[in-house]
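Values in this document were obtained by computation on a predicted structure and should not be read as measured data.
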Amino acid sequence: MLDSVLLAYRLGEDRSVRLPVLVNMDGFYLSFTREPVEVPDQAKVRQFLPPFDPGELRFQASAPESQAVAVLGGGPYSYFRYETHLAARNGLAVYDRVAGEFAELFGRNHPAVEAYRCDDAEYLFVMMGSFATKAKAAVDSLREVGWKIGLVRPRLLRPFPEQALQGLLKGRRAVAVIDQNISMGGVLHTETAAALYGQPGAPGLLASFIGGLGGRDIAQEEFFQIASVIRDAVDKGEQLPVRLLYTDAELRETRKLQSIARVERNELKEGGDS
């Protein structure tokens, strides 16, 4: 997270971008985690992230001046919004450059898309965030028993590194996208599906799995199950609906809570009627 903040300032302040950058982190897990952090040397940080040069922009309290996009009608507004879109697209190339400089200075590499044991993989997990480290462990365990499987881990969502993902996912038998959000499916699955649309050699199956909501863990056994599900589906030529990672024990506990809630609601209703 510390590295990401430094990268975000450098990215957002680049002259070809000049846009706000939002750094996301996993709630529950990372936000409640305490661990040692290797803080970069201050001199190297200054070298990587020099003072902001506003250039033609001017920030002065005694002479305020609007630097925002003025709503001057549909034509000018559309023009400036498209300029913002192009600046965001520039962020892909800029990120690759600044991430390379960061790796040279600090010895820590944060590519826009990380590929783990993907060279000969027939099956892939695709996911973002801290749970991807658990997916790595699952990949190692599955490899030990003969699975040709790997992990693809994007670090950017906007702009989306679609070309890198297209190259990494091309020719795979099946891909499982695991999201920690749900709104008519997961956002990473939606973006990945859009990036692969119409591409030659797209995976035979692109499945959506939802897990880790509200701090829920994703057990290693669930990664094993995901791998088995996508293998069986692609062997049968089936497409899969969005699936929520949920155990029988969790379902029983939820049903129990629902039953308690129904009883309490009925008791309140009967008390009100009397």
Side-chain angles (χ1 to χ4, degrees), residues 24-33 114 116-117 121-145 147-155 157 160 165 169 172-196 203-266:
N24 282 292
M25 66 180 290
D26 292 310
F28 294 95
Y29 269 78
L30 290 188
S31 59
F32 294 131
T33 295
E114 179 184 358
Y116 182 70
R117 305 192 75 167
E122 296 180 355
Y123 308 94
L124 291 177
F125 298 131
V126 177
M127 63 188 308
M128 305 179 77
S130 62
F131 276 117
T133 58
K134 302 191 73 172
K136 282 185 179 180
V139 165
D140 291 339
S141 297
L142 288 165
R143 283 276 179 175
E144 290 176 2
V145 294
W147 279 78
K148 292 184 177 180
I149 193 166
L151 168 70
V152 173
R153 182 184 187 181
R155 286 181 58 85
L157 186 64
F160 195 61
L165 284 168
L169 272 56
R172 313 297 180 173
R173 292 198 70 217
V175 174
V177 182
I178 306 167
D179 276 284
Q180 289 176 247
N181 58 83
I182 182 169
S183 177
M184 297 299 293
V187 63
L188 183 56
H189 177 266
T190 300
E191 294 292 332
T192 303
L196 293 175
L205 174 69
L206 184 71
S208 175
F209 294 85
I210 309 296
L213 302 181
R216 180 192 181 278
D217 191 20
I218 301 179
Q220 191 172 64
E221 293 76 14
E222 290 179 295
F223 287 107
F224 300 160
Q225 182 68 19
I226 290 170
S228 295
V229 167
I230 62 172
R231 181 185 60 184
D232 292 346
V234 76
D235 285 345
K236 297 175 182 177
E238 298 176 346
Q239 295 297 316
L240 297 173
V242 177
R243 292 197 170 197
L244 176 68
L245 301 179
Y246 213 64
T247 66
D248 290 337
E250 288 173 318
L251 181 59
R252 288 193 297 270
E253 181 64 23
T254 300
R255 293 285 188 249
K256 179 181 177 181
L257 293 173
Q258 288 176 322
S259 298
I260 294 172
R262 280 193 293 269
V263 170
E264 292 179 345
R265 182 176 59 195
N266 290 334

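Put simply, the side chain of Arg143 gets close to the backbone of Arg117: a donor and an acceptor are under 3.5 Å apart. With Lys134 contributing its side chain and Ile218 its backbone, the two residues share a donor-acceptor pair below 3.5 Å. Between the Arg172 side chain and the Ala121 main chain, a donor and an acceptor come within less than 3.5 Å of each other. With hydrogens and angles ignored, the 3.5 Å screen pairs a side-chain donor or acceptor of Asp179 with a backbone N or O of His189.
For the pair Leu169 and Thr192, the minimum side-chain heavy-atom distance is below 4.5 Å. A heavy-atom distance below 4.5 Å is not found between the side chains of Leu205 and Glu238. Side-chain contact between Ile226 and Leu245 is present, with at least one heavy-atom pair separated by less than 4.5 Å. With contacts defined as side-chain heavy-atom distances shorter than 4.5 Å, the pair Gln225/Arg243 does not qualify. At a threshold of 4.5 Å between non-hydrogen side-chain atoms, the residues Thr247 and Arg216 count as touching. Side-chain contact between Phe209 and Glu222: absent, with no pair of heavy atoms (C-beta onward) separated by less than 4.5 Å. Side chains of Leu188 and Gln180 form no contact here, defined as non-hydrogen atoms less than 4.5 Å apart. Side chains of Phe223 and Ile149 form no contact here, defined as non-hydrogen atoms less than 4.5 Å apart.
Residue Trp147 is tested with Tyr123, Phe224, Phe125 for a ring-ring contact (aromatic ring centres under 6.0 Å, His included); the sole match is Tyr123. Paired with Gln258 under the rule side chain to side chain donor-acceptor pair (under 3.5 Å), one option of Arg262, Lys256, Arg255 passes, and it is Arg255.
To the nearest 0.5 Å, the span separating CG on Leu151 from CE on Met127 amounts to 7.5 Å. Of the inter-residue distances, the one linking Arg173 atom CZ with Lys148 atom NZ reads 11.0 Å to the nearest 0.5 angstrom. Rounded to the nearest 0.5 angstrom, Asp140 CG and Lys136 NZ are separated by 9.0 Å.
Closest of all the heavy-atom pairs between Ser31 and Met25 is N-CE, 3.6 Å. Shown here for Ala195 and Phe160, the closest heavy-atom pair between the two residues is CB-CE2, 4.2 Å. Between Asn181 and Gly186 the shortest heavy-atom distance is OD1-CA, 3.5 Å. Between Leu165 and Pro154, the shortest heavy-atom contact is CD2-CG, 4.2 Å. When all heavy atoms of Leu124 and Val152 are compared, the closest pair comes out as CD1-CG2, 3.9 Å. What you find for Leu240 and Ala207 is that their closest heavy atoms are CD1-CB, 3.9 Å.
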Exercise for review: Start with the C-alpha distance between Val139 and Tyr116, add both sets of side-chain angles, then the distance that settles side chain to side chain contact (heavy atoms under 4.5 Å, CB included), and finish with yes or no.
Suggested key: CA-CA 9 Å; Val139 165; Tyr116 182 70; 4.1 Å; yes

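Counted within 6.0 Å of CG on Asp248, heavy atoms from surrounding residues, nucleotides or ligands total 12 or fewer; the atom is thus considered open.
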